[in-house]
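First comes the structure, then the notes that go with it.
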Amino acid sequence: MAPGMYDYLVVGAGFAGATMAERLASRLGARVLVIDRRDHVAGNAYDPLDAHGIRVHRYGPHIFHTNDERVVGYLSQFTEWRPYRHRVLARVRGELVPIPINQVTLGRLFGVPADAAAAAAFLASRAEPASRIASSEDAIVSKVGRELYEIFFRGYTRKQWGLDPSQLDASVCGRIPTRTDDDCHYFSDSFQCMPAGGFESMFRAMLHQPGIDVALGADFRAVVDRERFGHVIFTGPIDEYFSHCYGPLPYRSLHFEFETLEMTRYQEVGCVNEPDERVPYTRTTEFKHLTGQRHPKTTIVREYPRAQGDPYYPIPNAECRALYQRYAALAARERGVTFVGRLAEYRYYNMDQVVASALTTFEDLAKARL
Ligand code: FAD
Ligand code: UDP
């Protein structure tokens, strides 16, 4: 680990840690040491070249999309952007149809005429309105009815989370819109672009500031000289920080299976989803769609959900949140430590939401110093 004294120790070189480190160094002139126990920066957005020279996302497909202009303005200091609008097909009833559900989906599965009024009328005839939307099951069944829910959401969600949609917050499946037009893009956000040189390059630019040192392969649990640091920014799992004193917080993990194929193109779109519960993986991603890379071969990844393994997904439901709140109460009392990021805040955040949270956390810290 780098020698010397630092004003801040930032644990984790993902979006939360890199944003905090960059702001602290460039805005406050602070001396910052960023550590990560992995051998790379960029956290789960890490996107190296594989053995064939194809850019892949080591921890599953990461597509940047946001409505937050503050986040776009902030990150644009560190990267150029390449427009990319993600499309996803779901394999249902032996064919590939667009998800989010739209006019095209309804036409292919039910012969609904291709116009918005017909699609809206069809969905209204199927929807089961509910007075209270408590779960992901309610969120979808109330919009599109039980048959479409079972086709597209039930099996995928049970695989992905190891829980039934009835056991998850409405916001989980509620992330996926339902459309009555023929827009086949996955996201609706105003800004949909990928960093032109990849995520890792963007992170290198963020961390390449006077005052920032980065130590990789360095675990916070092995840091014995905490007194060298005025303040700690912790972006790892909050329960781990407190030695799981209330028991482990549940996370969902994934096993990734990469395959490189001797063809330029494997599938029509970036992701093909597998809602059928009998298929053991949830989706197949072909990276060249996401990155725009030209290459005679192509690499794909399949995601196999797991209970054990690296913590990738906090689980959005009341039970897990109650346990998190106990850790959050400890965190609020912890002097000299700030918790920020998807694992530290135990929130199912997208990348832009993590950056937004870190920017706000930085502003609060900076104000508190005045
Ligand atoms: P992380 O990226 O997890 O970074 C935390 C870092 O802290 C890690 O590198 C870890 O090694 C390090 N760390 C933890 N504990 C310690 C310790 N004790 N000592 C040292 N280092 C430690 N978001 C989108 O916006 N679009 C997407 O398409 C998208 N797809 C996703 C797909 C998958 C499969 C997954 C898992 C996530 C996806 N996300 C996506 C979410 C995105 O990955 C996160 O929002 C974002 O990367 C979280 O950043 P973070 O800094 O909070 O955490
Ligand atoms: N989902 C689903 N079927 C799909 C796509 C998504 O049931 O074809 C549900 C599932 O519960 C998933 C959630 O919607 O976890 C959010 O999907 P998203 O694609 O945003 O997941 P992420 O990229 O975060 O893994």
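Index from 1, following the sequence. Whatever order the structure lists ligands and atoms in, that order sets their numbers, starting from 1.
Backbone and side-chain nitrogen or oxygen atoms of Arg37 are examined, and one is located within less than 3.5 angstrom of a nitrogen or oxygen of ligand 1. In terms of N/O distances under 3.5 Å, ligand 1 is not approached by Phe234. Considering backbone and side-chain atoms together, Leu254 places no N or O closer than 3.5 Å to any N or O of ligand 1. Considering backbone and side-chain N/O atoms, Arg283 never comes within less than 3.5 Å of an N/O atom of ligand 1. The shortest N or O to N or O distance between Gly341 and ligand 1 is not below 3.5 Å.
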Salt bridge (Lys or Arg N to Asp or Glu O under 4.0 Å) between Glu277 and Lys159, worked out: CA-CA 6 Å; Glu277 214 173 338; Lys159 285 194 287 191; over 6 Å; no

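Less than 4.0 angstrom separates some heavy atom of Tyr59 from each of these atoms of ligand 1: 33 (C), 34 (C). Annotation for ligand 1: atoms under 4.0 Å from non-hydrogen atoms of Tyr312 are 36 (C). Set against the non-hydrogen atoms of Phe220, the atoms of ligand 1 under 4.0 Å away are 17 (C), 18 (N), 19 (N), 20 (C). For ligand 1, the atoms lying closer than 4.0 Å to a non-hydrogen atom of Arg38 are 8 (C), 9 (O), 11 (O). Taking a cut-off of under 4.0 Å to the non-hydrogen atoms of Gly12, the atoms of ligand 1 that pass are 6 (C), 7 (O), 12 (C). The Thr235 neighbourhood of ligand 1 comprises atoms 5 (C), 7 (O), with distances under 4.0 Å to a heavy atom of that residue. When each atom of ligand 1 is checked for a heavy atom of Gly236 under 4.0 Å away, the hits are 14 (C), 15 (N). Every atom of ligand 1 is numbered from 1 in the order shown, and the set under 4.0 Å from a heavy atom of Arg342 is 35 (C), 36 (C), 37 (C), 41 (C), 44 (C), 45 (O), 48 (C), 52 (O).
Ligand 1 lies less than 4.0 angstrom from a heavy atom belonging to Tyr349. Residue contacts with ligand 1: Ala218 is included, with a non-hydrogen atom under 4.0 Å away.
Using a heavy-atom distance under 4.0 Å as the criterion, the protein contacts of ligand 2 are Ile99, Phe152, Phe153, Tyr156, Thr157, Gln160, Trp161, Val172, Cys173, Arg175, Ile176, Tyr186, Asn273, Arg283, Tyr313, Tyr348.
By the criterion of a heavy-atom distance under 4.0 Å, the side chain of Tyr313, and not its backbone, is placed next to ligand 1. The side chain of Glu240, and not its backbone, has at least one atom closer than 4.0 Å to an atom of ligand 1 (non-hydrogen atoms only; side chain from C-beta on).
The option with the heavy atom closest to atom 32 (C) of ligand 1, from among Gly60, Gly217, Pro61, is Pro61. When the heavy-atom distances from atom 38 (C) of ligand 1 to Arg252, Arg58, His62, His86 are ranked, the shortest goes to His62. Ranked by closest heavy atom to atom 10 (C) of ligand 1, the top entry among Asp36, Thr285, Val355, Val340 is Asp36.
Given atom 26 (N) of ligand 1, the protein heavy atom at minimum distance is Ile63 O, 2.8 Å. In terms of protein heavy atoms, atom 3 (O) of ligand 1 is closest to Asn44 ND2, 3.5 Å. From the protein, the heavy atom lying nearest to atom 25 (O) of ligand 1 is Met351 N, 2.7 Å. In this structure, the protein non-hydrogen atom closest to atom 51 (O) of ligand 1 is Ala16 N, 2.9 Å. Distance from atom 18 (N) of ligand 1 to its nearest protein heavy atom, with residue and atom name: Asp219 OD1, 3.0 Å. Scanning the protein heavy atoms around atom 48 (C) of ligand 1, the nearest turns out to be Val354 CG2, 3.8 Å. Atom 4 (O) of ligand 1 has Gly14 CA, 3.8 Å as its closest protein atom, hydrogens excluded (heavy atom only).
A cation-pi arrangement, defined by a distance under 6.0 Å to the six-membered ring centre and an angle within 45 degrees of its axis, is absent between Arg58 and Phe258.
Met202 places a side-chain heavy atom less than 4.5 Å from the side chain of Leu75.
Listed by chain and number, the residues in a side chain to side chain donor-acceptor pair (under 3.5 Å) with Thr264 amount to none (sequence neighbours excluded).
Two rings, from Tyr313 and Tyr346, have their centers 6.0 Å or more apart. Here the two rings, on Tyr46 and Phe199, have centers that are 6.0 Å apart or farther. Checked against the 6.0 Å centroid threshold, Tyr241 and Tyr327 do not count as a close aromatic pair. Between Phe234 and Phe220, the distance from one ring center to the other falls under 6.0 angstrom. The aromatic ring centres of Tyr59 and His40 sit less than 6.0 Å apart.
Using a 30° and 60° split on the angle between ring planes, Phe78 and Tyr74 fall in the perpendicular class, above 60°. Using a 30° and 60° split on the angle between ring planes, Tyr348 and Trp161 fall in the perpendicular class, above 60°.
Side-chain contact of Ser166 with Asp164: a donor-acceptor pair under 3.5 Å is present, judged by distance alone.
Ionic pairing of Arg87 and Asp183 is not present here: no N-O contact between side-chain nitrogen and carboxylate oxygen is shorter than 4.0 angstrom. Looking at Arg302 and Glu257, no side-chain N of the basic residue comes within less than 4.0 Å of a carboxylate O on the acidic one, giving no salt bridge. Remark: Glu200 engages Arg204 in a salt bridge, criterion side-chain N to carboxylate O under 4.0 Å.
Nearest heavy-atom pair across Ser142 and Asp138 is OG-O, 2.7 Å. Shortest non-hydrogen contact noted between Tyr281 and Thr284 is CE1-OG1, 3.6 Å.
Arg126 contributes no side-chain N or O that, together with a main-chain N or O of Arg146, makes up a donor-acceptor pair within less than 3.5 Å.
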Sequence neighbours left out, cut at 3.5 Å: what donor-acceptor pairs do the side chains of residues 113-121 make with other protein atoms?
from	atom 1	to	atom 2	distance (Å)
Asp115	OD1	Ala117	N	3.0
Asp115	OD1	Ala118	N	2.9

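For atom 53 (O) of ligand 1, no protein heavy-atom neighbour is present inside the 4.0 Å cut-off.
Sorted by first and then second residue, the pairs that involve residues 283-292 and meet salt bridge (Lys or Arg N to Asp or Glu O under 4.0 Å), not counting sequence neighbours, are Arg283-Glu303.
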